[in-house]
Amino acid sequence: MHAHGYETTLTLQGNNTAGTPVNTTLSRQQLEQLPQTTITTHLPWLEGKAVFTGVKLTTLLATYKLHPQTIHLKALNDYTATVTWEHIQKYEPIVATRKDNQWLRIRDYGPYWLIFSLDQFPELNQRKSLGKMVWQLETITTE
């Protein structure tokens with residue numbers, strides 16, 4: 001819980017591989033129970049390198065048997081971005097819940113931030129790719 005007295009959650013929506021609708025809301029604790037991955041990278045919004053911890057988006061989708069062509073990401077402020085399954089498989093971003101071992105707070109791009117490693121994949125350090133790094137992530141919709 002944080003100062004606002006409510007817990008921010010992440011909603012996952014889509015149809016699974018059996019064609020059954022998935023509409024689930026996950027807490028930070030539920031996300032942290034999934035296998036965790038760490039990415040250490042520079043980002044244009046931060047000074048120096050940061051260590052991000054979270055679940056790989058591919059792992060999160062596989063947990064709910066979602067194998068989409070397209071993934072729509074929506075932030076708390078209604079900002080949206082779309083990524084392809086191929087992009088996610090190639091670059092393995094994480095849905096980060098922590099930065100430098102501290103919970104991500106809303107004022108610090110949290111509580112969920114889709115992080116790609118710009119150090120590992122410098123080609124992503126351009127506007128169209130940076131726009132896919134949705135912070136304050138609220139909803140992931142697959143199709």
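Given the structure is predicted, the values throughout are model-derived calculations rather than measurements. FYI, side chains are in, hydrogens and waters are out, and symmetry mates aren't considered; it's all heavy atoms of this structure.
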| What are the two closest heavy atoms between Phe116 and Leu43, and how far apart are they? | O-CD2, 4.2 Å
| task | Would you check if the side chain of Thr142 reaches a backbone N or O of Gln13 as a donor-acceptor pair within less than 3.5 Å? | result | yes
| Glu143 and Thr70: side-chain donor and acceptor closer than 3.5 Å? | no
| said: With a 4.5 Å cut-off on side-chain heavy atoms, are Ile71 and Ile140 touching? | reply: yes
| field | From Ile94 atom CD1 to Leu34 atom CG, the distance as rounded to the nearest 0.5 Å | value | 12.5 Å
| query | Of all heavy-atom pairs between Val134 and Ala75, which one has the smallest distance, and what is that distance? | reply | CG1-CB, 3.7 Å
| query | Does any N or O in the side chain of Gln30 come within less than 3.5 Å of the main-chain N or O of Ser27, such that one atom is a donor and the other an acceptor? | reply | yes
| query | Could you state the interatomic distance from CE (Met133) to CG (Leu124), rounded to the nearest 0.5 Å? | reply | 6.5 Å
| note | Ile115 and Ile39 have their tightest heavy-atom pair at O-CD1, 3.6 Å
| remark: Taking every heavy atom of Trp85 against every heavy atom of Pro68, the minimum-distance pair comes out as CB-O, 3.0 Å
| Side-chain donor/acceptor of Ser129 to backbone N/O of Asn125, under 3.5 Å | no
| Between atom CZ of Phe52 and atom OG1 of Thr97, what is the distance when rounded to the nearest 0.5 Å? | 11.0 Å
| remark: Here the gap from Gln36 atom CD to Lys56 atom NZ, rounded to the nearest 0.5 Å, amounts to 12.0 Å
| Distance from Thr139 atom OG1 to Lys74 atom NZ, nearest 0.5 Å? | 5.0 Å
| field | Closest non-hydrogen atom pair, Leu104 against Gly110 | value | CB-CA, 3.6 Å
| task | Show the numbers, then the answer: is there a side-chain contact (heavy atoms from CB on, under 4.5 Å) between Glu92 and Phe121? | result | CA-CA 11 Å; Glu92 289 284 8; Phe121 304 108; 6.0 Å; no
| said: What I'd like to find out is whether the side chain of Glu32 reaches to under 4.5 Å of the side chain of Trp103, using heavy atoms alone. | reply: yes
| said: Treating Tyr64 as the side-chain partner and Gly14 as the backbone partner, does any N or O pair qualify as donor plus acceptor under 3.5 Å? | reply: no
| request: Test Thr40 against Asp119 for side-chain contact (heavy atoms from CB on, under 4.5 Å), laying out the working first. | output: CA-CA 8 Å; Thr40 302; Asp119 287 13; 5.8 Å; no
| message | Between Gln120 (side chain only) and Leu118 (backbone N and O only), is there a donor and an acceptor less than 3.5 Å apart? | response | no
| query | Does Leu61 reach the side chain of Leu12, with side-chain heavy atoms less than 4.5 Å apart? | reply | yes
| query | Just by distance, do the side chain of Lys132 and the backbone of Thr82 share a donor-acceptor pair under 3.5 Å? | reply | yes
| request: Establish whether Val22 and Leu10 are linked, either directly or via other cluster members, by ILVMFWY side-chain heavy-atom contacts under 4.5 Å. | output: yes
| Glu47, CD atom: more than 12 neighbouring heavy atoms under 6.0 Å | no
| query | Which distance, rounded to the nearest 0.5 Å, do you find between the CD1 of Ile88 and the CG of Leu57? | reply | 4.5 Å
| So do the side chains of Leu73 and Val83 get within less than 4.5 Å of each other, counting heavy atoms only? | yes
| Do you know the tightest heavy-atom contact between Tyr109 and Trp45? | OH-CB, 3.4 Å
| Is it true that a side-chain atom of Asn16 and a backbone atom of Leu66 form a donor plus acceptor pair closer than 3.5 Å? | no
| task | Apply salt bridge (charged side-chain N to carboxylate O under 4.0 Å, His left out) to the pair Asp108 and Lys99, showing each step before the final yes or no. | result | CA-CA 9 Å; Asp108 302 320; Lys99 173 182 156 253; over 6 Å; no
| message | Using only atom types and a distance under 3.5 Å, with no angle test, would you say the side chain of Tyr112 pairs donor to acceptor with the backbone of Arg28? | response | yes
| query | Hey, does the side chain of Ser117 reach the backbone of Thr41 with a donor-acceptor pair shorter than 3.5 angstrom? | reply | no
| said: Could you walk me through whether Thr59 and Thr37 satisfy the side-chain contact (heavy atoms from CB on, under 4.5 Å) test, starting with their C-alpha distance in whole Å, then the side-chain angles of each, then the deciding distance to 0.1 Å, before giving a yes or no? | reply: CA-CA 10 Å; Thr59 301; Thr37 299; 5.9 Å; no
| Do Tyr79 and Val95 sit in the same hydrophobic cluster, where Ile, Leu, Val, Met, Phe, Trp and Tyr count as joined when their side-chain heavy atoms come under 4.5 Å apart? | yes
| query | Would you say the side-chain atoms of Gln89 and Thr58 include a donor-acceptor pair closer than 3.5 Å? | reply | no
